[in-house]
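First listed ligand is number 1; within each ligand, the first listed atom is number 1.
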Amino acid sequence: MEVTGAEAAKPKNSTGLGAKPNASEAQFPANFLWGTATAAYQIEGAWKEDGKGESIWDRFAHTPGKIKGGDTGDVACDSYHRYREDIAIMRAMGMKSARFSIAWPRILPNGTGAVNDKGLDFYKRYVDALLAAGIRPSCTLYHWDLPQALQDKGGWPNRDMAGWFADYAAIVTKALGDRVTAYAIFNEPYVFCYCGYGIGVHAPGIADMGQCLKAAHVANLAQGDAFRAMRAIAPNAQIGGAYNMSPAVPATDSAEDRAAAERMHAVNNIFFIEPALTGAYPKAFAPLEQMGFQPGDETRLRAALDWIGINYYFRMKVRADASEKMMGYRAEIPHEGPLTHFGWEVWPQGLYDIVTRIGRDYHLPIEITENGCAYADPPGRDGTIKDGRRTAYFRAHLTELARAIKDGAPVRGYHAWSLLDNFEWGEGYSQRFGLVWVDFRHGRRIIKDSGHWYGQVAAMGAVQP
Ligand code: FCB
């Protein structure tokens, strides 16, 4: 079945809007923001069209040996050209919110300087199409595709980055200001600092913990600077961030392992939230000197975030390990639950655990900005995609989320990762996270069974047991 429009995407067996859920269902609040998430480099393609500059991911993917199978994001899902089709699918699925990101090098091909109007126009058209479909645009300013020209000046470890990023954030907010009311400044700053500068498995491919710590501090400064610039332009916008979070489970009950787990929570989960909200790094991990902390930075770090976005994929088991000089712990994904195609453990209760903790510690509205799983199920003979494991994954996670909300967690939205199968960074196209299958040769999209199921959940505001 090829998706052509609303009809094709209607949830199967839908009981329709307004159906009365029974008591055993996991029920969500009215006006809950049901959505999907994507990121520019992972779906857009058109890597050098309409004046776009080169990004660090273009450079990295074009370097032999960096990405599985030699894959690149040159074409990806071709969403730069097919975005109207993507939005029609979201609409047909009954989505209320679309999380997407802006490619900085489309707006400022060299990172700073002259604005490329064609790039801005693309996102204006994108946002207008979402609004016309009755879908809230939720805009992430940076999902890892730094202009290569700025990496050539040192990239995130360079303190000048904070000002350059704030200028870019201001340009976008000014251009979209009246259309967009929800912003995430960064996607997973921990991941782009650690994987990009600490261990080099992501762009720009640098493996140097010294650079990683500097990058992390500059990213925190940039978050504060960008927040102030954006607030001045769009005082009513909801400005937050999307942070990767893994509940830290001590490997044993020893005092050392419990302390190690808290340290991991500080490093992995709240390293970009605490400075914004308190002006200080978490006490459990704050190597100020190595990060290049300067007097006055404590004020610049601050950003009174309106909301916190949580990207949840897995929990981590943590044990104290003195041979790990910097952090003093080792963390790994356990294998007690079933594993996805990516090898990530499926652990739905982890979502409950992290959401309730963040809700308790920060008292800010929470949105799940990403949660999802990779399975490879291909289209069958009849053209449908029977990805029952993905449906089971979402059912279990949403049930845990409903329980967290019932227990008081202030969660107002959920975005499945991802709308489409897409370019999964170092894994290329080998990991399919979509609710919608993408044929990467021809760009054709097919809603998977899980996508139909998710549409039904959104329509009902409840998950059947
Ligand atoms: C997250 C990223 C997202 C996607 C998922 C699977 O870390 O934010 O772009 O790759 O993982």
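With ligand atoms numbered from 1 in the order given, ligand 1 contributes 6 (C) to contacts under 4.0 Å with heavy atoms of F433. The Q42 neighbourhood of ligand 1 comprises atoms 3 (C), 4 (C), 9 (O), 10 (O), with distances under 4.0 Å to a heavy atom of that residue. Close approach to W417 involves these atoms of ligand 1, each under 4.0 Å from a residue heavy atom: 3 (C), 4 (C), 5 (C), 6 (C), 9 (O).
Smallest separation of non-hydrogen atoms from A129 and R84: CB-NH1, 3.8 Å.
With hydrogens and angles left out, the side-chain atoms of E44 and Y83 include no donor and acceptor closer than 3.5 Å. No side-chain donor from either of E54 and H62 sits under 3.5 Å from a side-chain acceptor of the other.
Between W425 and ligand 1, at least one pair of N/O atoms sits closer than 3.5 Å. Considering backbone and side-chain atoms alike, W344 places every N or O at 3.5 Å or more from each N or O of ligand 1.
Using a 4.5 Å cut-off on side-chain heavy atoms (C-beta onward), T399 and P348 make no contact. Taking 4.5 Å as the limit, every side-chain heavy atom of S79 sits out of range of all side-chain heavy atoms of T38. Proximity of Y197 to P204: side-chain heavy atoms (C-beta onward) are separated by under 4.5 Å at one or more points.
Counting only heavy atoms of the protein, atom 10 (O) of ligand 1 lies nearest to E424 OE1, 2.6 Å. Nearest protein heavy-atom neighbour of atom 7 (O) of ligand 1: E188 OE1, 2.5 Å. In terms of protein heavy-atom proximity, atom 5 (C) of ligand 1 is closest to Y313 OH, 3.3 Å. The single protein non-hydrogen atom nearest to atom 2 (C) of ligand 1 is E370 OE1, 3.3 Å, given as residue, atom name and distance.
Ion pairing of D421 with K448 is present here, as a side-chain N (NZ or NE/NH1/NH2) and a carboxylate O approach within less than 4.0 Å.
When T369, N187, N422 are checked for heavy-atom proximity to atom 8 (O) of ligand 1, N187 turns out nearest.
F342 does not count as a contact of ligand 1, since none of its heavy atoms falls under 4.0 Å from the ligand. Residue contact check for ligand 1: H143 places a non-hydrogen atom closer than 4.0 Å to it.
Counted within 6.0 Å of OH on Y183, heavy atoms from surrounding residues, nucleotides or ligands total more than 12; the atom is thus considered enclosed.
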